[in-house]
Amino acid sequence: MADPKGFLTTGREVAETRPVGERVRDWNEVYVRGSLLPIISKQAGRCMDCGIPFCHNGCPLGNLIPEWNDYAYRGDWAAASERLHATNNFPEFTGRLCPAPCEAACVLGINQPAVTIKNVEVSIIDKAWDTGDVRPQAPERLSGKTVAVIGSGPAGLAAAQQLTRAGHTTVVYERADRIGGLLRYGIPEFKMEKVHINRRIEQMRAEGTKFRTEVEIGRDMPADALRRRYDAVVIAAGATVSRDLPVPGRELNGIHFAMEYLPLANKVVEGDFVAPPITAEGKHVVVIGGGDTGADCVGTAHRQGAASVTQLEIMPRPGEERSTNQPWPTFPMLYKVTSAHEEGGERVYSVSTTHFEGDEDGNVQALHLIEVEFKDGKLEQKAGTERRIPAQLVTLAMGFTGTDQENGLVQQFGLELDERGNVARDADFATNVAGVFVAGDAGRGQSLIVWAIAEGRSAARGVDRFLTGTSALPAPIRPTDRALTV
């Protein structure tokens, strides 16, 4: 227990953001640097001795939230960092990017604003980096076993770090030119600066993990060659196939998947381009999809100087308060205003795109939509509500349907898929192919970063048991575990 009076005397305060007019002119993180430390100890003190900490149920990693809140309240940052890393390999990622199901499950949140768990988490880890409390943890001895990890997103990195620390020689293969997966090229710099990835990679290199970029398993290296070279393989290739919108005019120039658009903006920040090949500058931009990826497109378009930005969502506008059919401690669907939405643009709910309109050169110029509503569980169009909006750049941010099968990875390994098209696995995260395991979105389907890290940690235990017959590595989740929802 931290402050005995806690939330009785202290209200909820969150990280301070930089002025909109300032931050849309650069790609730095939107938060004011150092703004949390003066307030975070008191915020951590709002975490009370609630008896059963339901925040543990909300977090698939099983983060020891009351413990590191207590240490942060008392100013023992080294102990707080140790407790944080006991369950989470990359708290600087989750502290910035996770939608915080732990806060939705916070007991205080039953009738008051929840503890700012994410802000405390990111304050602890940023302080730990500043004070040198984050150090490489090289294994005491090597096992003589070798493991290949396919994919360097959060699941792949977590599995690789756990297996390296267990003494196995681990090599991470990434098809992009830099390590990080969607953390690198799917998350805009204003949400997480890539220095946080870079220093974790350096820590992992110092521990012994090896990295191979620009190698796509299935195309650049066949699966059988990988299996011959390594004792075990972890497939953490993600669910990277974007959901398409097959309506008339889809073939027009200027209509792109979000994951075609966002990586190019990140490559500009990395110095690969002076200007992005796909840009929103001076254009009317329409983002189709109301989730976090859509918001990333909105914020990116603002920074590129879009003439206007409109975000479309087929579902109704969520409420601002938890509804009765989404009771505590489940994760509620609430109306969320991200930093990108604060920067401008229009959000339109309960609409569906009917077709795109182009000019004589084949470039998209407008989008036609119609209002929709749910009746008897079915989505129906509302007659007479059609309208046209200008659109010279359209990004499709409607989620992902599964792992890439065009590169031959699934077929070459001979992997079985489940009914949803994900790679099937057993209780140890093992596939139907001996020595081949799967972690993250490739096996779970599109999910959150915190679930990806939990998957990577759990799969690492399965691999360790396969290689040695036993394992002391933690497994925070089972393949069948799902988020706490209704």
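All values reported here derive from a predicted model rather than from experimental measurement. Sequence positions, counted from 1, serve as the residue numbers for this chain. All values below were derived from every heavy atom in this structure, side-chain atoms included, with hydrogens, water molecules and symmetry-related copies excluded.
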Enumerate, atom names and distances included, each donor-acceptor pair closer than 3.5 Å involving a side-chain atom of residues 91-106, sequence neighbours excluded.
from, atom 1, to, atom 2, distance (Å)
Glu92, OE1, Arg200, NE, 3.3
Glu92, OE1, Arg200, NH2, 3.2
Glu92, OE2, Trp129, NE1, 3.4
Glu92, OE2, Arg200, NE, 2.6
Thr94, OG1, Asn88, ND2, 3.0
Thr94, OG1, Pro91, O, 3.3
Thr94, OG1, Glu121, OE2, 2.7
Arg96, NE, Glu29, OE1, 3.2
Arg96, NE, Glu29, OE2, 3.1
Arg96, NE, His196, NE2, 3.4
Arg96, NH1, Glu92, O, 3.4
Arg96, NH1, Asp126, OD1, 3.4
Arg96, NH2, Asp126, OD1, 3.3
Arg96, NH2, Asp126, OD2, 2.9
Arg96, NH2, His196, NE2, 3.3
Glu103, OE1, Arg12, NH1, 3.3
Glu103, OE1, Arg12, NH2, 3.1
Glu103, OE2, Ile117, N, 3.1
Glu103, OE2, Lys118, N, 3.0

List, one per line, each side-chain donor-acceptor pair under 3.5 Å for residues 179-187, sequence neighbours excluded.
from, atom 1, to, atom 2, distance (Å)
Arg184, NE, Ile179, O, 2.8
Arg184, NH1, Asn198, OD1, 3.1
Arg184, NH1, Glu270, OE2, 3.0
Arg184, NH2, Ile179, O, 3.0
Arg184, NH2, Asn198, OD1, 2.8
Tyr185, OH, Asp177, OD1, 2.6
Tyr185, OH, Arg178, NH1, 2.8
Tyr185, OH, Lys267, NZ, 3.4

N/O donor-acceptor pairs under 3.5 Å from side chains in residues 236-243, not counting sequence neighbours:
from, atom 1, to, atom 2, distance (Å)
Thr240, OG1, Arg175, NH2, 3.4
Arg243, NH1, Met398, O, 2.8

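Judged purely by atom type and a 3.5 angstrom limit, His168 has no side-chain atom pairing as donor or acceptor with the backbone of Asp464. Judged purely by atom type and a 3.5 angstrom limit, Gln304 uses its side chain to pair as donor or acceptor with the backbone of Ala280. Proximity of a side-chain donor or acceptor of Ser458 to a complementary backbone N or O of Ile477 within less than 3.5 Å is detected. At least one donor-acceptor pair closer than 3.5 Å links the side chain of Gln43 to the backbone N or O of Glu13. Side-chain atoms of Glu313 come within 3.5 Å of backbone atoms of Met315 as a donor-acceptor pair (strictly under, hydrogens ignored). At distances below 3.5 Å, at least one donor-acceptor pair connects side-chain atoms of Arg303 with backbone N or O atoms of Gly299. Using modelled atom types, no side-chain atom of His284 and backbone atom of Val309 make a donor-acceptor pair closer than 3.5 Å. Between the side chain of Gln405 and the backbone N or O of Val410, no donor-acceptor pair lies under 3.5 Å. A donor-acceptor pair under 3.5 Å is absent between the side-chain atoms of Glu455 and the main chain of Ala439, judged by distance alone. Of the possible donor and acceptor atoms, none in the side chain of Glu174 sits under 3.5 Å from a partner among the backbone N and O of Ile150.
Atom NZ of Lys191 is surrounded by more than 12 heavy atoms from other residues, nucleotides or ligands within 6.0 Å. Surrounding CE of Met259 are more than 12 heavy atoms belonging to other residues, nucleotides or ligands, all under 6.0 Å away.
Put simply, OG1 on Thr209 and CD on Gln162 are 10.5 Å apart, with the number rounded to the nearest 0.5 Å. Note that OG of Ser123 is 6.0 Å distant from CH2 of Trp77, once rounded to the nearest 0.5 Å. Atom OH in Tyr73 sits 14.0 Å away from atom CD1 in Ile40 (nearest 0.5 Å). Atom CG of residue Leu409 and atom CD1 of residue Ile235 lie 5.0 Å apart, to the nearest 0.5 angstrom. Here CG of Leu142 is found 5.0 Å from OG1 of Thr169. Values are rounded to the nearest 0.5 Å.
Residues satisfying the side-chain hydrogen bond (donor to acceptor under 3.5 Å, both in side chains) test with Asp481, not counting sequence neighbours, are Arg478. By the salt bridge (charged side-chain N to carboxylate O under 4.0 Å, His left out) test, Arg250 is found to be paired with Asp244, residues two or more places apart in sequence or in another chain being considered. Applying the side chain to side chain contact (heavy atoms under 4.5 Å, CB included) rule to Tyr31 yields the partners Ala15, Thr17; only residues at least two apart in sequence or on another chain are considered. Legend: residues meeting salt bridge (charged side-chain N to carboxylate O under 4.0 Å, His left out) with Arg18, ordered by chain and number and at least two apart, are Glu22, Asp26. Every residue two or more places apart in sequence or in another chain that forms a side chain to side chain contact (heavy atoms under 4.5 Å, CB included) with Ile278 is listed here: His256, Tyr261, Leu264, Leu393. When the side chain to side chain contact (heavy atoms under 4.5 Å, CB included) test is applied to Val268, the partners found at least two apart in sequence or on another chain are Phe273, Pro276. Contacts of Val269 classified as side chain to side chain contact (heavy atoms under 4.5 Å, CB included), with partners at least two apart in sequence or in another chain: Trp27, Glu189. Here Glu16 pairs with nothing under the salt bridge (charged side-chain N to carboxylate O under 4.0 Å, His left out) rule; sequence neighbours left out. Shown here are the side-chain hydrogen bond (donor to acceptor under 3.5 Å, both in side chains) partners of Glu67, two or more places apart in sequence or in another chain: Arg83.
A cation-pi arrangement is present between Arg317 and Tyr335 under the rule of less than 6.0 angstrom and at most 45 degrees off the ring axis.
Contact annotation: the side chain of Leu367 approaches that of Leu312 to within less than 4.5 Å [non-hydrogen atoms, C-beta and beyond]. A heavy-atom distance below 4.5 Å is not found between the side chains of Phe7 and Val115. Side-chain contact between Tyr173 and Leu226 is present, with at least one heavy-atom pair separated by less than 4.5 Å.
Closest approach of Leu61 to Pro476, counting heavy atoms only: O-CB, 3.9 Å. Listed here is the closest heavy atom pair of Asn266 and Pro188: OD1-CA, 3.6 Å.
At a cut-off of 3.5 Å, with distance as the only test, no side-chain donor of Gln161 or Gln137 sits close to an acceptor on the other residue.
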